[in-house]
Amino acid sequence: MSARRRLFEVSQLLILLAALSVAVLTSQADHWRPVVLIGLLAVLAVASDLVTIPTRHLRISGSHVVFVVAMAVCGPAPAMLVALTSVVVAALREHPRRSLLLNNLATYATFPLIGGLLIEWGRGTGDSGVHEPSFLLLVFGVFLLSNLINFLMSVGALSVLEGRSLRHSFATMFLPVLPSELATGLLAVGMVWLYDRVGLAALALLAGVLFTFQYLLRELLRSQQRAETLDTRTHELASLHLGLVSSLVHTLDLRDRMTARHSAAVARYARELARELGLPEREQDLVHTAGLLHDIGKFSFPDHILKATTRLSEIDWRIIRTHPYQGARVASQVKGYGPVSEIILAHHERIDGTGYPRRLHGKEIPLLSRIIAVADTYDVMTARDSYRSSVSSTEAIQELRRVSGTQLDGKLVETFVSILDGRDVRFRHGEDADFDAELALEARVHELALASGPVLR
């Protein structure tokens with residue numbers, strides 16, 4: 001055993017003995033009457049602990065309400081006995097290690113004693129009967145104070161022992177349940193007030209309300225935990241998918257030097273066009289992702305096609321025409337990328353129905369695929385790293401308009417031209433398109449894609 005743990009256990013034992021000594025010295029005979037009340041409170045506390053459910057951060061139990069009721073209607077020593085009874089029964093069931101058991105005993109002896117003594121002090125100063133608002137306010141304050149003492153002595157002490165941050169534990173374990181604890185404190189006050197009027201019958205109501213409240217609080221925290229887990233998994237999957245996208249495109253870029261820059265340019269042009277059309281942000285993100293991946297099917301090309309410097313054969317062109325299908329197949333294997341794969345599959349279809357691979361016609365082609373087609377065609381014509389001789393932006397615009405209505409969507413062509421008219425030469429030629437910079441925009445896109453896919457037009 002380490003010296004720190006040994007010192008911790010000794011300190012907890014001393015605190016327990018000191019609390020027991022004070023309880024004996026301050027105990028009065030009328031505190032223990034009626035005995036049946038103390039017994040019922042002990043049973044209620046144990047029963048509340050039996051249905052407690054551990055969450056990631058803490059255990060949910062309504063027994064603290066019972067302890068505070070015992071402080072107010074019995075006294076410090078009986079309240080301590082009720083609390084220690086719940087600890088002992090829990091220890092027989094769970095067999096905690098010695099340091100944790102000593103910490104629980106010291107904690108559950110201390111906060112009922114302090115709370116009970118404060119209430120006794122309040123009861124003895126002035127006209128502070130149970131029916132008085134000042135007394136009920138004192139009970140509420142004792143509930144909050146004893147709750148804090150409980151946290152500091154249990155979680156706080158163990159955090160120090162195990163080298164964890166007390167501030168982090170307070171922020172993640174105490175503060176999230178504080179609003180519900182305020183409501184529970186009001187429940188304790190109400191039970192004290194009701195017991196003064198109807199006696200033991202109030203305990204039956206306390207049991208019903210307590211277990212109902214405990215169940216609702218448990219479900220609330222379970223829901224919060226599930227949401228946190230889902231959010232963590234979503235971010236992890238998003239990071240994994242970003243890494244996958246980056247690896248795929250950069251690997252292809254090693255074989256075809258224009259792939260990464262061209263993909264970045266198409267993604268940027270496509271997003272600008274989607275924004276100009278007034279499409280929802282989700283669809284702007286989607287077409288951006290599809291732009292980055294639209295040529296991923298070129299993985300299936302042999303080197304003599306990727307690096308061709310001579311005229312390609314008909315067989316070569318048959319292989320080339322398969323790349324939308326191959327790219328869609330790769331994208332569809334990634335969770336949440338079904339809509340992206342559909343865009344990739346149709347980005348070489350033509351308005352006149354002579355495109356590939358499915359010969360879709362006009363509006364049969366998804367809108368986002370038609371956007372990719374315009375951006376792709378323009379960048380291939382204007383880029384200096386293209387497999388064909390580059391042309392000026394003006395010449396490229398003329399060509400876009402020439403094939404408008406046959407190869408490309410005429411409305412999209414004119415919208416894209418209006419975008420180019422207001423931009424500088426660097427944007428018009430896409431020379432500064434940076435794949436990694438465009439990829440940095442994808443974190444939000446991937447999280448949205450994992451949640452649900454947008455509707456394609």
Side-chain angles (χ1 to χ4, degrees), residues 1-27 42 45-46 48-50 52-68 70-71 75-121 141-178 181 221 225:
M1 181 190 300
S2 67
R4 175 186 290 185
R5 186 171 295 277
R6 186 181 299 110
L7 179 62
F8 175 80
E9 291 183 356
V10 170
S11 67
Q12 298 305 297
L13 182 59
L14 291 177
I15 291 173
L16 173 61
L17 293 175
L20 290 172
S21 299
V22 174
V24 170
L25 294 174
T26 58
S27 179
V46 170
S48 180
D49 282 340
L50 285 175
T52 187
I53 300 294
T55 67
R56 186 172 67 177
H57 293 315
L58 71 165
R59 294 166 58 90
I60 305 302
S61 172
S63 57
H64 196 81
V65 175
V66 181
F67 302 151
V68 175
M71 297 176 208
M80 178 191 291
L81 176 63
V82 170
L84 290 178
T85 300
S86 71
V87 172
V88 171
V89 172
L92 292 174
R93 186 174 69 253
E94 299 172 0
H95 307 291
R97 66 179 185 271
R98 186 172 62 187
S99 57
L100 179 59
L101 175 60
L102 286 173
N103 175 254
N104 284 338
L105 290 170
T107 300
Y108 280 69
T110 301
F111 75 77
L113 176 65
I114 294 175
L117 289 174
L118 285 173
I119 291 176
E120 283 291 297
W121 169 81
V142 165
F143 179 92
L144 297 180
L145 176 63
S146 58
N147 213 346
L148 180 61
I149 294 173
N150 182 9
F151 173 81
L152 292 176
M153 290 190 65
S154 55
V155 177
L158 290 175
S159 293
V160 173
L161 175 65
E162 297 174 4
R164 298 198 304 264
S165 167
L166 177 58
R167 177 181 297 181
H168 177 73
S169 298
F170 185 81
T172 58
M173 300 170 66
F174 187 82
L175 291 182
V177 297
L178 185 57
E181 291 298 337
L221 291 177
Q225 181 178 350

>> Using side-chain heavy atoms (C-beta onward) and a distance below 4.5 Å, is Leu102 in contact with Phe8?
In response: no
> So, Ser48 side chain and Ser63 main chain: donor-acceptor pair closer than 3.5 Å or not?
Replying inline: yes
> Do you know the tightest heavy-atom contact between Ala45 and Val82?
Replying inline: CB-CG1, 4.0 Å
> Does Leu148 reach the side chain of Phe170, with side-chain heavy atoms less than 4.5 Å apart?
Replying inline: yes
> Rounded to the nearest 0.5 Å, what separation is found between the OG atom of Ser11 and the CG atom of Leu16?
Replying inline: 11.5 Å
> Are Val68 and Ser146 close enough that some pair of their side-chain heavy atoms sits under 4.5 Å apart?
Replying inline: yes
>> Can you give me the closest heavy-atom contact between Val142 and Gly115, atom names plus distance?
In response: CG1-CA, 3.6 Å
> Which value, rounded to the nearest 0.5 Å, describes the distance between Gln12 atom CD and Leu7 atom CG?
Replying inline: 10.0 Å
> Considering all heavy atoms of both residues, which atom of Ala83 and which atom of Pro112 are nearest to each other, and what is their separation?
Replying inline: CB-CG, 3.7 Å
> To the nearest 0.5 Å, how far apart are CG in Leu13 and OG in Ser99?
Replying inline: 13.0 Å
>> Quick one: does any side-chain atom of Ser27 pair with a main-chain N or O of Val24 as donor and acceptor, under 3.5 Å?
In response: no
> What distance do Leu152 atom CG and Thr107 atom OG1 have between them, rounded to the nearest 0.5 Å?
Replying inline: 10.0 Å
> Within a strict 4.5 Å, meaning less than it, do heavy atoms of the Asn150 and Tyr108 side chains meet?
Replying inline: yes
>> If I compare all heavy atoms of Ala106 with all of Met153, which pair ends up nearest, and what's the gap?
In response: O-CE, 3.8 Å
> Hey, what do you get for CE (Met80) to CE (Met71), rounding to the nearest 0.5 Å?
Replying inline: 10.0 Å
>> Among Ile114, Leu113, Leu144, which residue satisfies the side-chain contact (heavy atoms from CB on, under 4.5 Å) criterion with Ile149?
In response: Ile114
> Can you tell if the side chain of Asn147 reaches within under 4.5 Å of the side chain of Phe143, non-hydrogen atoms only?
Replying inline: yes
> So, for Asn103 and Ser154, which heavy atoms are closest and what is the spacing to 0.1 Å?
Replying inline: OD1-CA, 3.3 Å
> Are any non-hydrogen side-chain atoms of Thr26 and Glu120 less than 4.5 angstrom apart?
Replying inline: no
